[in-house]
Amino acid sequence: MLSLLKTRLPMHIKIMLGIGAGTLVGLLAARWGCSSFVLTWLKPLGTVFVNLLKLLAVPLVLVSLVDGVTGLRDLRKLSSMGGRTLLIFLCTTVLAVSLGLGVVNIVRPGDYLSTERREDLKARFSTQTDQGFDNAQAFKERGPLSPLVDMVPDNLFHALSNNTSMLQVVFFALFMGVAIMSLPSDQTQSVRDLFGQLNRIVLLMVDYVMAFAPIGVFALIASLIADLAGNDPAKALELLGALSVYALTVVLGLVLMLLVVYTTLVRVFGGLSPRRFFRVMSPAQLLAFSTSSSNATLPVNLECAEKLGVREEVRTFVLPLGATVNMDGTSLYQAVATVFIAQAFGTDLTWAQQLTIVLTATLASIGSAGVPGAGMVMLVIVLQSVGLESAGIALIVAVDRILDMMRTVVNVTGDAMTAVLVDRWMGRK
Ligand code: ASP
């Protein structure tokens with residue numbers, strides 16, 4: 001494994017090898033009944049790797065965004081960049097939900113779930129669905145302007161100390177960047193230089209962490225499989241089989257989003273070859289797959305966007321914002337899951353209810369944090385909006401982690417795609 005780190009292979013190949021080796025070790029451990037060994041000795045390595053990435057996400061957003069904004073020279077540019085970014089975020093999210101609805105209404109995965117299996121899943125997972133859903137409830141009850149309130153921190157250090165407050169850090173960095181930009185440059189040159197230098201230092205730290213990515217993802221994937229399969233892989237496979245049509249429906253929607261929607265947008269509006277886009281993005285995508293976290297993937301996504309030629313002021317604005325609010329994969333999954341649960345319970349949703357899903361899944365994905373499992377928690381809001389019980393989530397828990405890995409890939413790709421589009425729209429040649 002260590003020699004893998006030293007080879008000259010491209011990073012995405014090394015990460016893929018890490019994923020492959022992790023899968024093998026996880027499966028063998030489950031088969032031989034020694035998953036606990038993997039959990040004791042490998043899982044901590046994966047946790048350290050993800051922690052290091054998360055550790056760098058906040059400082060990176062702060063320094064790179066200040067550095068980027070101070071380079072803008074014009075306040076109007078900032079507001080038009082903000083407006084264009086939000087417009088693309090909104091359009092692609094609505095598109096993703098609509099695509100999810102289209103796919104799930106055609107495939108009708110709920111019809112493949114027998115009544116006995118449904119009751120079995122409900123009985124087995126109902127306790128898990130009670131946990132953590134208070135947050136979703138609270139989000140729903142706080143009114144439409146609550147995201148605005150959440151964005152403005154009352155204490156900078158509090159915002160910096162919490163990985164889920166990324167939006168507050170973005171707000172502070174923008175605020176500070178605008179102030180620096182508004183003063184004559186001879187009065188602020190040293191501060192500008194300082195942020196530029198800090199930016200380079202944090203980016204180098206990201207490179208150091210990424211040098212260990214193959215081992216990090218190896219440990220993450222092996223322990224994930226050990227966690228899911230436990231010492232009874234047959235049971236895990238049986239559950240997977242029962243929910244396979246549902247899982248494949250979500251995957252089909254996600255693949256269409258990547259290969260049709262993003263490919264077209266990148267080519268037509270981004271002026272980039274989709275092949276190049278996906279090749280450069282592959283380390284971020286593989287990392288998103290391994291960590292199931294847009295936040296943890298942010299430092300690498302910023303590097304990939306740089307390699308795609310997206311200017312600093314654009315990527316440092318669009319990507320942190322996207323990691324928190326733009327979740328195309330999550331919104332698509334929420335639409336599919338809601339209709340699947342309705343179908344499994346024999347409830348036919350009307351067109352008006354499906355339209356409600358477009359609205360609520362868009363909101364729920366905005367409210368989902370860029371951490372593992374957040375999308376499933378927020379699914380409660382979508383279910384309730386069409387009169388389904390939140391307990392219906394019990395039907396999909398068994399395969400959620402795997403789908404989380406895939407939807408996170410789409411989430412981070414959507415952010416990078418938006419950065420490419422905004423960059424072009426803001427005048428990149
Ligand atoms: N894990 C996803 C992300 O970080 C959010 C989700 O649970 O859908 O982007």
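In this chain, residues are counted from 1 in sequence order. Only heavy atoms go into these numbers, but all of them, side chains included; no hydrogens, no water, no symmetry mates. Quantities reported herein were computed from a predicted structural model and do not represent experimental measurements. Every number for a ligand or one of its atoms is a count from 1 in the order of the listing.
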- Atoms in ligand 1 with a heavy atom of Asn411 nearer than 4.0 Å: 2 (C), 3 (C), 9 (O)
- Item | Heavy-atom nearest neighbour in the protein, as seen from atom 2 (C) of ligand 1, with distance rounded to 0.1 Å | Thr408 OG1, 3.3 Å
- Item | Donor on one side chain, acceptor on other, Thr413 and Gln285, under 3.5 Å | yes
- Task: Classify the contact between Ala369 and ligand 1 as side chain, backbone, both or neither, using a heavy-atom distance cut-off of under 4.0 Å.
- Result: backbone
- Atoms of ligand 1 close to Ser293 [distance to a heavy atom under 4.0 angstrom, numbered from 1]: 4 (O)
- Would you check whether Ser368 reaches within less than 4.0 Å of ligand 1, judged by its heavy atoms? no
- Protein residue, atom and distance nearest to atom 3 (C) of ligand 1, heavy-atom basis: Ser294 OG, 3.3 Å
- Of all heavy-atom pairs linking Ile19 and Ser290, the shortest is CD1-OG, 3.7 Å
- Among Val50, Val300, Leu220, which one satisfies side-chain contact (heavy atoms from CB on, under 4.5 Å) with Leu287? Val300
- Query: At a 4.0 Å threshold, what atoms of ligand 1 neighbour a non-hydrogen atom of Thr330?
  - Reply: 5 (C), 6 (C), 8 (O)
- Message: Surrounding CE of Met11 (heavy atoms of other residues, nucleotides or ligands, distance under 6.0 Å), is the total greater than 12?
- Response: yes
- Atoms of ligand 1 less than 4.0 Å from Gly373 heavy atoms? 7 (O)
- Message: Quick check: do Ile15 and Phe289 have side-chain heavy atoms less than 4.5 Å from each other?
- Response: no
- Message: Does Phe269, at its CZ atom, have more than 12 non-hydrogen atoms belonging to other residues, nucleotides or ligands within less than 6.0 Å?
- Response: no
- Message: Please check whether Met376 reaches ligand 1 - meaning an N/O of the residue sits under 3.5 Å from an N/O of the ligand, judged on distance alone.
- Response: no
- Message: Check this for me, if you would: do Lys43 and Asp227 make a salt bridge, where the nitrogen-to-carboxylate-oxygen distance has to be below 4.0 angstrom?
- Response: yes
- Exceeds 12 heavy-atom contacts within 6.0 angstrom, atom OH of Tyr112: no
- Note: ligand 1 atoms sitting under 4.0 Å from heavy atoms of Asp404 are 1 (N), 2 (C), 6 (C), 7 (O), 8 (O)
- Query: Does the N or O separation between Ala374 and ligand 1 drop below 3.5 Å for any pair?
  - Reply: yes
- How close does the nearest protein non-hydrogen atom get to atom 7 (O) of ligand 1, and which residue and atom is it? Gly375 N, 2.7 Å
- What one should report as the nearest heavy-atom pair of Arg315 and Val310 is NH1-O, 2.8 Å
- Query: Under 4.0 Å from ligand 1, counting heavy atoms only, is it the side chain of Val371, its backbone, both or neither?
  - Reply: backbone
